[in-house]
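Okay, so here's the structure we're looking at.
All chains are named by letter (A, B, ...) in the order of the sequence lines, taking the proteins before the strands, and each is independently numbered beginning at 1. All of these numbers come straight from a predicted model, not from anything done at the bench.
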2 protein chains.
Amino acid sequence: MLFDLTSLDNVFLEQFQTFGCVDRHPVGRVVTVGYYALVETYRHNPVASAWARRTNWFPVDDLPKLAFDHQQILEKGIETLKRSVRYRPVGFELLPKKFTLADLQKLYEAILGYKFDKPNFRKRILSMNLLIPLNELQTNVSHRPAKLFKFDESRYESLKKAGFIFDI
Amino acid sequence: MLFDLTSLDNVFLEQFQTFGCVDRHPVGRVVTVGYYALVETYRHNPVASAWARRTNWFPVDDLPKLAFDHQQILEKGIETLKRSVRYRPVGFELLPKKFTLADLQKLYEAILGYKFDKPNFRKRILSMNLLIPLNELQTNVSHRPAKLFKFDESRYESLKKAGFIFDI
DNA sequence: CCAAAAGTGTTGTTACTACACCCATGA
DNA sequence: TCATGGGTGTAGTAACAACACTTTTGG
């Protein structure tokens with residue numbers, strides 16, 4: 001457990017694996033149930049949040065040395081997230097209620113570690129009809145303001161019941 | 001734990017989820033780590049195997065009533081298997097070393113619960129170049145005998161390293 | 001010969017990639 | 001009017017589904 005999450009609510013939490021190898025800890029058999037959480041930094045930043053001031057953040061490619069098998073656990077978690085994000089609309093958990101398509105694209109690129117072609121990414125996302133366009137634009141940007149969207153939760157639920165599989 | 005697997009070796013075993021809800025068991029908090037195993041019935045049948053004589057088998061759509069949340073656990077396991085079988089060559093674990101393409105197709109249809117088009121299934125599988133055709137045919141069948149194949153483990157490993165994702 | 005399942009080829013359609021291009025805003 | 005990123009259209013190609021067809025065996 002790297003962080004204490006008990007003081008946060010509305011956090012997306014997903015179990016990925018339980019680790020129970022007999023020799024993974026010097027004191028004997030220790031069983032660890034691995035979870036990852038998606039925390040929106042715009043909601044929980046050091047300025048606004050007491051919780052955030054008590055946590056340490058690292059980019060995944062520049063971590064301090066971790067104890068025991070924690071590096072492996074972390075890698076397994078990231079691997080699971082990468083799979084999840086492609087086949088379930090998990091990414092939206094990390095965005096504000098209203099977001100632009102560019103926000104979404106950047107998020108996917110950050111998690112998966114590769115770039116998407118902008119026109120194709122838009123078409124792909126929009127063709128799923130899972131985003132509701134809002135009559136609202138970005139403000140205070142020094143370029144053409146982007147349209148804001150929100151995720152259509154109820155449509156996703158009914159599509160899923162009909163056998164639809166989200167796929168980016 | 002429905003079966004004792006300790007007397008079996010070479011069994012494909014995959015963890016799918018850990019269940020630890022406080023109220024899932026009357027005696028208090030019980031944590032269960034869910035695994036599913038793939039057991040080849042042609043190798044472990046009641047006639048040949050003492051282990052098989054001590055186990056009970058049920059079709060998944062005709063199960064006796066299970067205790068506590070075991071029905072849910074089972075469903076989660078099947079769901080995980082269905083996903084696994086599509087994105088990793090897990091299906092081969094259930095086949096003999098040598099098998100026909102029809103065997104493979106029937107296996108996928110049984111696990112996933114829907115039919116594939118034979119010509120397209122073949123093309124899909126063969127285009128991955130993960131099967132090694134053997135110079136051997138089925139015998140004693142009252143129709144044209146099918147060619148036998150084996151799975152190319154080492155090629156799969158090297159493809160995987162190069163970023164390839166198995167997908168049926 | 002027939003039945004049954006193996007195995008192949010073709011065609012039409014869809015989906016995807018790789019671009020080039022236009023649009024709206026602030027400075 | 002320029003820079004910047006938002007947003008659209010299209011052409012070429014690859015992938016796929018549907019289905020007709022041929023082949024090889026046992027009886």
Side-chain angles (χ1 to χ4, degrees), chain A residues 42 85-87 89 91-92 95-110 112-151 159 162-168, chain B residues 85-87 91-92 95-96 98-110 112-152 159 162-168:
Chain A
Y42 72 94
V85 95
R86 292 212 43 213
Y87 299 112
F92 303 94
L95 293 172
K97 281 263 177 299
K98 306 170 181 183
F99 52 85
T100 71
L101 292 177
D103 292 337
L104 190 62
Q105 184 177 342
K106 272 184 219 122
L107 179 72
Y108 273 97
E109 292 176 346
L112 294 174
Y114 51 78
K115 298 284 178 193
F116 290 90
D117 174 84
K118 183 180 43 154
N120 296 336
F121 182 84
R122 307 183 117 250
K123 273 175 273 188
R124 197 136 157 183
I125 291 287
L126 292 176
S127 71
M128 292 195 254
N129 278 106
L130 283 172
L131 298 189
I132 302 174
L134 303 169
N135 284 326
E136 230 175 308
L137 299 178
Q138 274 182 321
T139 46
N140 291 318
V141 284
S142 75
H143 53 77
R144 175 171 173 180
K147 200 179 279 180
L148 293 171
F149 292 84
K150 67 172 185 176
F151 183 64
L159 279 178
F164 167 84
I165 296 173
F166 181 91
D167 189 355
I168 276 274
Chain B
V85 95
R86 292 213 42 214
Y87 298 113
F92 302 94
L95 293 173
K98 306 171 181 184
F99 52 86
T100 71
L101 292 177
D103 292 338
L104 190 61
Q105 182 176 343
K106 272 183 218 123
L107 178 72
Y108 273 97
E109 291 176 347
L112 295 174
Y114 52 79
K115 298 284 177 194
F116 289 90
D117 174 84
K118 183 181 41 152
N120 295 336
F121 183 83
R122 308 183 118 250
K123 274 176 270 186
R124 198 135 157 183
I125 291 287
L126 292 176
S127 70
M128 292 195 255
N129 277 109
L130 283 172
L131 298 190
I132 302 175
L134 304 169
N135 285 324
E136 229 175 307
L137 299 178
Q138 273 182 321
T139 47
N140 289 318
V141 285
S142 76
H143 53 77
R144 175 171 174 179
K147 200 180 280 180
L148 294 171
F149 292 84
K150 66 173 185 175
F151 182 65
D152 192 341
L159 280 177
F164 166 83
I165 296 173
F166 181 91
D167 188 355
I168 277 274

I need the [atom1]-[atom2] distance between [X] and [N], as an integer number of Å.
X      : N      : atom1 : atom2 : answer
A/F121 : C/dA18 : CZ    : C1'   : 17 Å
A/L104 : D/dG6  : CG    : P     : 12 Å
B/D103 : C/dG7  : CG    : C1'   : 15 Å
B/N120 : C/dT14 : CG    : C1'   : 14 Å
B/F116 : C/dA5  : CZ    : P     : 20 Å
A/E136 : D/dG6  : CD    : P     : 17 Å
B/N140 : D/dT24 : CG    : C1'   : 15 Å
B/I125 : C/dT8  : CD1   : P     : 15 Å

task: Please test A/K150 against A/E136 for side-chain contact (heavy atoms from CB on, under 4.5 Å), starting from the C-alpha separation and ending with a verdict.
output: CA-CA 11 Å; A/K150 67 172 185 176; A/E136 230 175 308; over 6 Å; no

- request: Could you check A/K123 against B/R144 and say which one's nearest nucleotide on DNA chain D is further toward the 5' end?
  value: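 First, find each residue's nearest nucleotide; the 5'-ward one identifies A/K123.
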
- request: Under 4.0 Å between any heavy atoms, over every strand shown, what does A/K147 touch: base, sugar-phosphate, or nothing? Just pick one.
  value: sugar-phosphate

task: May I ask you to say what B/R122 touches in the nucleic acid, namely base, sugar-phosphate or nothing, with a heavy-atom cut-off under 4.0 Å?
output: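 The answer is base, as B/R122 lies within the cut-off (heavy atoms under 4.0 Å) of a base atom.
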
- request: May I ask you to check whether B/F149 and B/F151 place their ring centres under 6.0 Å from each other?
  value: no

message: Can you identify which nucleotide, out of D/dT25, D/dG7, D/dA18, has its nearest atom closest to the B/D117 side chain?
response: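 Out of D/dT25, D/dG7, D/dA18, the nucleotide with an atom closest to B/D117's side chain is D/dA18.
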
field: Minimum-distance nucleotide (side-chain atoms of A/P119 versus C/dG9, C/dA20, D/dG26)
entry: C/dA20

task: Begin with the C-alpha distance, continue with both residues' side-chain angles, and end with the deciding distance and a verdict on side-chain contact (heavy atoms from CB on, under 4.5 Å) for A/L101 and A/L126.
output: CA-CA 9 Å; A/L101 292 177; A/L126 292 176; 4.1 Å; yes

statement: Of all heavy-atom pairs linking A/R124 and A/D167, the shortest is NE-O, 4.3 Å

- prompt: Between B/F92 and B/F166, how do the two ring planes meet: parallel, tilted or perpendicular, split at 30° and 60°?
  reply: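 Because their plane-to-plane angle is over 60°, the rings of B/F92 and B/F166 count as perpendicular.
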
query: Would you say C/dT17 has OP1 or OP2 under 4.0 Å from some side-chain N or O of A/R124?
result: yes

statement: The answer to which of B/K118 and A/L137 contacts DNA chain C further toward the 5' end, by nearest nucleotide, is B/K118

